[in-house]
Amino acid sequence: MTEDAVVDVPDRDLLTIGAFAARARLSAKALRLYDRLGLLSPAHVDEATGYRYYRAGQVERARLVAMLRQLDMPLTRIAEVVSAGDGRAAAELLDAYWADVEARVAGQRTLAEYLRGRLSGRSSEMYEKFAVETVDVPGQVVISETRHVLAGELPAWIGASLGRLESAARECGGIAAAPFVVYHSEVSMESDGPAEACVPVADEAAARAWAERHGRARGTTVRVDPARRLAYTRITKAQVAHPQIMAAFEAVEEWIAREGLEQAGPCREVYFADWDAAGAGDPVCDVAFPVS
């Protein structure tokens, strides 16, 4: 006899798994999976037979779990939604998840458009949107944090690390120039750099004293960044997002090659504006390569 067969129910209010599956419009296999994942447990399990029994009041939860799984919601987040104390809290959890989904899809849509341009041979049209210039930057003392980080973690890390360094700069004579991030190797979904967040400071002696006190934390250090000539293009806050920023880097690389120059160091992003106050169309960042 299978678990789905007609059996004597131990409680008049309980339903066999087959009867409950029919009410919930799910399969018994799905209900066993939900039980195994801890999303919907039977009201009663017969110790002798192992048969599962459910109450009619569990139908709504069963249907909810099934619909959330159709949204590709991770199991941990499904558990949070179905366990929320009230409907409003559950709805807010769903809203937060769906906002993440829409942001991810928007990024993928932009990446697809970018790749379509490359694959169709229209890269030069994309690069023409970026004006490239050069600037001479004097040598400067910087306090920095270095970390191996993947592309998905990068925005949060940049904001946090530059925030920490800008706060520390108060002990180092103050911020002397625009903060920047150096990419010592590729940062992508598969490659983790490392990347180095840098804040130029005014007092080298004070900076080295600061490093003595804090140098072991988060890979912080002090170094002198030598004078450089940078080839750069200025981009807006919206263009900093991946993959728009990739087109900016490639535009500068193409310009360097076309001008007969050579790259003389790792690429960088120079953040010269108040990020929080800037709008999507405001210039906030220079994408730059040292050149010789």
Side-chain angles (χ1 to χ4, degrees), residues 1-116 119 148-157 159-160 187-192 238 241-244:
M1 182 179 293
T2 67
E3 189 178 0
D4 298 326
V6 178
V7 296
D8 291 333
V9 180
D11 185 317
R12 186 176 299 176
D13 294 329
L14 293 178
L15 301 170
T16 64
I17 190 171
F20 183 79
R23 289 200 186 187
R25 296 192 293 274
L26 296 169
S27 68
K29 180 179 179 181
L31 292 173
R32 295 188 192 99
L33 175 63
Y34 296 170
D35 182 19
R36 188 164 66 248
L37 298 176
L39 299 175
L40 180 67
S41 300
H44 173 75
V45 178
D46 189 288
E47 293 183 2
T49 63
Y51 292 170
R52 298 168 174 85
Y53 298 91
Y54 296 81
R55 296 193 184 279
Q58 293 179 280
V59 168
E60 180 59 29
R61 178 165 177 148
R63 292 177 179 172
L64 176 60
V65 170
M67 288 186 286
L68 292 173
R69 283 177 61 80
Q70 290 179 36
L71 294 178
D72 293 326
M73 182 179 284
L75 299 176
T76 54
R77 298 188 76 160
I78 290 178
E80 292 174 359
V81 172
V82 299
S83 300
D86 59 62
R88 177 175 295 181
E92 289 175 351
L93 290 170
L94 175 60
D95 287 344
Y97 168 72
W98 196 247
D100 291 343
V101 170
E102 290 185 326
R104 183 175 69 251
V105 171
Q108 291 172 332
R109 184 183 300 112
T110 304
L111 177 58
E113 293 172 356
Y114 167 76
L115 292 172
R116 188 180 298 112
L119 293 171
H148 288 275
V149 59
L150 295 173
E153 307 164 316
L154 188 62
W157 176 76
V187 173
S188 67
M189 299 306 292
E190 292 81 26
S191 179
D192 64 353
H242 182 88
Q244 293 95 316

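Just so you know, residue 1 is the first one in the sequence shown, and it goes up from there.
Taking CE of M73 as the start and CH2 of W98 as the end, the distance is 9.0 Å to the nearest 0.5 Å. Going from atom NE2 of H44 over to atom CG of D46 covers 5.0 Å, rounded to the nearest 0.5 Å. Taking OG from S41 and CZ from R36, the interatomic distance works out to 12.5 Å, rounded to the nearest 0.5 Å. Considering CZ of R77 and CG of L94, their distance stands at 9.5 Å, rounded to 0.5 Å. Distance CZ/R69 to CG/L39: 7.5 Å, rounded to 0.5 Å.
No more than 12 heavy atoms of other residues, nucleotides or ligands lie within 6.0 Å of CD in E60, so this atom counts as exposed by the packing criterion. Surrounding CZ of R23 are at most 12 heavy atoms belonging to other residues, nucleotides or ligands under 6.0 Å away.
Using a 4.5 Å heavy-atom cutoff, the side chains of R32 and L37 are not in contact. Residues I17 and Y51 are not in side-chain contact: their nearest non-hydrogen atoms beyond the backbone lie 4.5 Å or more apart. Counting heavy atoms from C-beta on, the side chains of Y53 and P42 never come closer than 4.5 Å. With a 4.5 Å cut-off on side-chain heavy atoms, R52 and D35 count as touching.
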Derivation and outcome, side chain to side chain contact (heavy atoms under 4.5 Å, CB included), residues L150 and V187 | CA-CA 6 Å; L150 295 173; V187 173; 5.8 Å; no
Could you go through the side chain to side chain contact (heavy atoms under 4.5 Å, CB included) check for R63 and V59 one step at a time?
-> CA-CA 6 Å; R63 292 177 179 172; V59 168; 3.6 Å; yes
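Counting all heavy atoms, side chain and backbone alike, V45 lies closest to G50 at CG1-O, 3.7 Å. Of all the heavy atoms in A43 and R55, the pair that sits closest is CB-CG, 3.7 Å. Between A21 and A28, the closest heavy-atom pair is CB-N, 4.0 Å.
Under the side-chain contact (heavy atoms from CB on, under 4.5 Å) rule, F20 has a single partner from L14, L15, L26, which is L15. Exactly one of I78, L71, V81, L68 qualifies for a side-chain contact (heavy atoms from CB on, under 4.5 Å) with Y97. That residue is L71.
With respect to R88 and D95, no salt bridge is recorded, no charged nitrogen being found less than 4.0 Å from a carboxylate O.
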